[in-house]
Amino acid sequence: MNILETIIGRKRIEVEKKKSSKKISELEAMPFFKRKALSLRASLLNPAKTGIIAEFKRKSPSKGYINQHSSVNDVIGDYVKFGASGVSVLTDEEFFGGSLSDFQQARNFDTPILRKDFIIDEYQLIESKAFGADVILLIAACLSTNEVKQLAAFAKQLGLEVLLEIHHESELEHICDETDIVGINNRNLKTFKVDIAHSIALSKKIPSHKIKISESGLHEVSTIHHLKGNGFSGFLMGEKFMKENNPGNAFAGFVKELTKK
Ligand SMILES: O=P(O)(O)OC[C@@H](O)[C@@H](O)c1c[nH]c2ccccc12
């Protein structure tokens, strides 16, 4: 069993437990449920912003703990202040050390927020909306084309934007009308190997009207420029900043170099 299969197996159990502890009607009664979501898509297309979707990530299956001490408030505050186009907050507890409580703290800032989790059930979409998410992630590697279509359509009904993550050519068929943004994961989740050239080759096969973002393993300003030149509008980056004592500072420094004329 690879790590993704392990995570999905655990997630199914987690979602069933959640369903019996908090009813859908309770989620729908939460104040954020009625809030109008912000558009990450529009923010990525705004030339005044950096294109970076900066991630709050405490740990990962490949690296273990990346950052145990930083506060959501400090880090997200700096990400927003120094020009992130949006932020991503991990809510998976078991494998990434995240939580919905981290997410709620991030929601105090006025920026598009991606709820980063492993979505397999409509319940999680209602929950995402209730906690104030703007965008949700669907991972092609753990969903059928039909499941992507159904979950994406339901997310759109709730007013959420949909980021579809692909890694392999065989997942191109998961792209549908309801997917607002296509993310290419540079990291192979089975081997953890990062390959930017593979992502660029794959990006050429994505319908040109879709917004493309590049995810994972991004560390160099030169790589961002290279990806921009190849049609990418967004860059999802976590570890580069989170591995530092002061992730917000690290982000500010990176942006300074990125925007240097
Ligand atoms: O920390 P990195 O290498 O910059 O990667 C960020 C992000 O792309 C990565 O966390 C990620 C991409 N797809 C995911 C799916 C689930 C959890 C996490 C992820």
Side-chain angles (χ1 to χ4, degrees), residues 1-24 26-27 30 53 55-70 72 87-107 113-133 135-152 154-155 158 160 162-168 170-171 174 179 183-194 215-217 236 238-239 242-243:
M1 213 171 4
N2 67 48
I3 182 68
L4 197 54
E5 288 163 348
T6 308
I7 295 174
I8 296 304
R10 299 289 300 164
K11 195 56 69 179
R12 289 195 201 289
I13 299 168
E14 180 191 316
V15 173
E16 288 316 310
K17 269 197 200 135
K18 281 190 167 185
K19 281 183 184 171
S20 51
S21 73
K22 196 166 203 148
K23 290 201 213 69
I24 287 180
E26 289 175 64
L27 291 170
M30 285 167 67
I53 304 163
E55 184 160 279
F56 190 87
K57 170 155 89 169
R58 296 180 190 279
K59 66 172 187 178
S60 74
S62 57
K63 297 279 157 69
Y65 269 102
I66 301 166
N67 191 317
Q68 282 184 279
H69 306 292
S70 292
V72 176
V87 299
S88 163
V89 179
L90 260 313
T91 57
D92 174 79
E93 302 199 14
E94 188 170 350
F95 299 92
F96 289 86
S99 65
L100 279 169
S101 137
D102 282 353
F103 191 91
Q104 278 177 308
Q105 282 183 61
R107 186 64 287 166
I113 310 189
L114 168 67
R115 179 195 181 181
K116 198 48 138 20
D117 210 312
F118 298 83
I119 305 251
I120 49 169
D121 194 301
E122 288 183 358
Y123 179 91
Q124 295 163 289
L125 297 174
I126 298 171
E127 180 183 64
S128 302
K129 183 69 184 165
F131 280 80
V135 196
I136 54 94
L137 173 71
L138 297 178
I139 304 174
C142 48
L143 299 165
S144 68
T145 47
N146 239 339
E147 285 168 328
V148 166
K149 185 132 186 95
Q150 280 173 14
L151 289 167
F154 189 67
L158 292 169
L160 295 161
V162 177
L163 164 63
L164 173 71
E165 174 177 310
I166 64 171
H167 176 71
H168 191 263
S170 61
E171 293 162 358
H174 287 67
T179 49
I184 302 185
N185 197 346
N186 304 314
R187 187 177 292 124
N188 179 328
L189 288 176
K190 289 172 194 153
T191 60
F192 297 132
K193 204 176 151 265
V194 170
E215 307 176 355
S216 310
L236 182 52
E239 193 193 316
M242 290 304 292
K243 72 177 198 295

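For the numbers below, each heavy atom of this structure counts, side chains included, while hydrogens, waters and symmetry mates do not.
Contact check for Leu137 versus Ser88: no side-chain heavy atoms found under the 4.5 Å cut-off. Within the 4.5 Å cutoff, the side chain of Val89 has no heavy atoms near those of the Leu114 side chain. Residues Leu90 and Phe95 fail the side-chain proximity criterion, which asks for heavy atoms closer than 4.5 Å. You'll find the side chain of Gln124 stays beyond 4.5 Å of the side chain of Lys18, heavy atoms only. The shortest distance between side-chain heavy atoms of Ile24 and Glu122 does not fall below 4.5 Å. By the 4.5 Å heavy-atom criterion applied to side chains, Ser60 and Tyr65 are not counted as neighbours.
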- Task: Apply side chain to side chain contact (heavy atoms under 4.5 Å, CB included) to Leu138 and Val162, showing your working.
- Result: CA-CA 7 Å; Leu138 297 178; Val162 177; 3.8 Å; yes
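Closest approach of Glu55 to Met242, counting heavy atoms only: O-CG, 3.5 Å. Here the closest heavy-atom approach between residue Ser99 and residue Glu93 is recorded as CB-OE2, 4.0 Å. Residue Ser70 comes nearest to Phe56 through the heavy atom pair O-CZ, 3.8 Å, listed as atom of the first residue, atom of the second, then distance. Contact detail for Ile53 and Val87: the closest heavy-atom pair is CG2-C, 3.9 Å. The shortest heavy-atom contact between Asn186 and Ser216 is ND2-O, 2.8 Å. Counting all heavy atoms, side chain and backbone alike, Phe103 lies closest to Ala133 at CZ-CA, 3.5 Å.
We find the NZ-CZ distance between Lys63 and Phe96 to be 11.5 Å, quoted to the nearest 0.5 Å. Rounded to the nearest 0.5 Å, atoms CD (Glu14) and CD1 (Ile120) are 8.5 Å apart. Between atom CD of residue Gln150 and atom OG of residue Ser144 there is a gap of 7.5 Å, rounded to the nearest 0.5 Å. One finds the CD1 atom of Ile139 at 8.5 Å from the CG atom of Asp117 (value rounded to the nearest 0.5 Å). We find the NZ-CG distance between Lys149 and Leu143 to be 14.0 Å, quoted to the nearest 0.5 Å. If you take OG1 on Thr91 and CD1 on Ile136, they are separated by 11.5 Å, rounding to the nearest 0.5 Å.
Sorted by first then second residue, the salt bridge (charged side-chain N to carboxylate O under 4.0 Å, His left out) pairs that include residues 94-106, not counting sequence neighbours, are Arg10-Glu94, Arg58-Asp102.
For Asn185 (side chain) and Arg187 (main-chain N/O), a donor-acceptor pair under 3.5 Å exists by modelled atom type.
Between Arg115 and Glu127, at least one side-chain N (NZ, or NE/NH1/NH2) sits under 4.0 Å from a carboxylate O, which counts as a salt bridge. Electrostatic pairing of Glu16 and Lys19 counts as a salt bridge here, judged by a charged N lying under 4.0 Å from a carboxylate O. Checked for salt-bridge contact, Lys11 and Asp92 meet the test: a charged N lies under 4.0 Å from a carboxylate O.
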